[in-house]
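In what follows, a single structure is set out as structure tokens and then discussed.
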Amino acid sequence: MQLVVARIGRAHGIKGEVTVEVRTDEPELRLGPGAVLGTEPSSVGPLTIETGRVHSGRLLLRFEGVRDRTAAEALRNTLLIAEVDPEEVPEDPEEFYDHQLIDLDVVTRDGAEVGRIAEVSHLPYQDLLVVRRPDGGEVLIPFVAEIVPEIDLDAQRALIDPPPGLLDDSQAEIATGRATTDEDS
């Protein structure tokens, strides 16, 4: 099974290093020196990691055969893909691979059916579950413990506790920037 583990960002310096947006909870395992990764687009790879280091909180990688800024910049936005045994699961029971979450039924605490997870979208600050609704629409669910308190892989279900307005705009609570007083009435 193939998993996207990173996306290549901009070139760093003049010697072929690139920044990467890490999309795995196990970068030391998936993105270490010697790792051979597939790519999307496939015509770019496979790429073999020569070196890696952290600089100012960002992971920098250099690939075999990429020796200058021009070659590094040509890799920008390439997805890095690792081959993973489909039976492999993360060590931490609170972590999940995307393929474990896809097609899980999504239900609220009171048992209301929301839909089915179609995709996991990895954003810089948090992941989102893209849920297809029975009516064909989609809803984006922040994949955080407060909103998704339980994933039951055996039951093929994700339990959610959505805040008002997440599933139905008409239930949204409007926040205002100032308090009202008796004088405002």
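This one's a predicted model, so the numbers in the text were calculated from it and none came from an experiment.
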* Heavy-atom check, side chain of Arg109 versus side chain of Pro149, under 4.5 Å -> yes
* To do: Check whether any side-chain heavy atom of Phe63 sits under 4.5 Å from a side-chain heavy atom of Ile8, and report yes or no.
  => yes
* **Atom pair CG/CZ of Leu59 and Arg53 - distance to nearest 0.5 Å** => 10.0 Å
* **Which atom of Ala6 lies closest to which atom of Val20, heavy atoms considered** => CB-CB, 4.4 Å
* Structure fact -> dist Glu40:CD -> Leu80:CG (nearest 0.5 Å) comes out at 11.0 Å
* N/O donor-acceptor pair under 3.5 Å between Glu50 side chain and Arg62 backbone -> no
* Determine whether Ile141 and Pro162 make a side-chain contact, defined as any pair of heavy atoms from C-beta on separated by less than 4.5 Å. => no
* Structure fact -> Tightest non-hydrogen contact, residues Pro33 and Thr51, listed as CG-CA, 4.5 Å
Run the side-chain donor-acceptor check on residues 111-120: report pairs under 3.5 Å with partners two or more places apart or on a different chain.
| from | atom 1 | to | atom 2 | distance (Å) |
| --- | --- | --- | --- | --- |
| Arg116 | NE | Asp103 | O | 3.4 |
| Arg116 | NE | Asp105 | OD1 | 3.1 |
| Arg116 | NH2 | Asp105 | OD1 | 2.8 |

* Asked: Val36, Val44: one ILVMFWY side-chain cluster at the under-4.5 Å cut-off?
  -> no
* To the nearest 0.5 Å, what is the distance between CD1 (Ile160) and CG (Leu129)? -> 9.0 Å
* Asked: With a 4.5 Å limit on heavy-atom distance, are the side chains of Leu128 and Pro142 in contact?
  -> yes
* Is the CZ atom of Arg10 crowded by more than 12 outside heavy atoms at less than 6.0 Å? -> no
* What heavy-atom pair brings His12 and Thr19 nearest, and what distance separates the two atoms? -> CB-CG2, 4.5 Å
* Asked: Quick one: do Ile151 and Val131 end up in the same hydrophobic cluster if we chain Ile, Leu, Val, Met, Phe, Trp and Tyr together by side-chain heavy atoms under 4.5 Å apart?
  -> yes
* **Cluster link Val22 to Leu79, ILVMFWY, side chain under 4.5 Å** => no
* To do: Take atom CZ of Arg7 as the centre, draw a 6.0 Å sphere, and report whether it contains more than 12 heavy atoms from other residues, nucleotides or ligands.
  => yes
* **Closest contact, heavy atoms only, Ala35 versus Arg30** => CB-O, 3.6 Å
* Structure fact -> Smallest heavy-atom separation, Gly45 atom then Thr39 atom, equals N-OG1, 2.9 Å
* Residues two or more places apart in sequence or in another chain: which of them pass side chain to side chain contact (heavy atoms under 4.5 Å, CB included) with Arg157? -> Val107, Glu150, Asp152, Ala155, Leu159
* **Leu75 side, atom CG; Leu47 side, atom CG - distance, nearest 0.5 Å** => 6.0 Å
* Structure fact -> Value for CG (Leu60) from CD (Glu17), rounded to nearest 0.5 Å, stands at 5.0 Å
* Structure fact -> dist Ile14:CD1 -> Thr70:OG1 (nearest 0.5 Å) comes out at 10.5 Å
* With Leu37, the side-chain contact (heavy atoms from CB on, under 4.5 Å) member among Thr48, Ile49, Ile81, Val4 -> Ile49
* **Shortest non-hydrogen contact between Val66 and Gly16, atoms and distance** => CG1-O, 3.7 Å
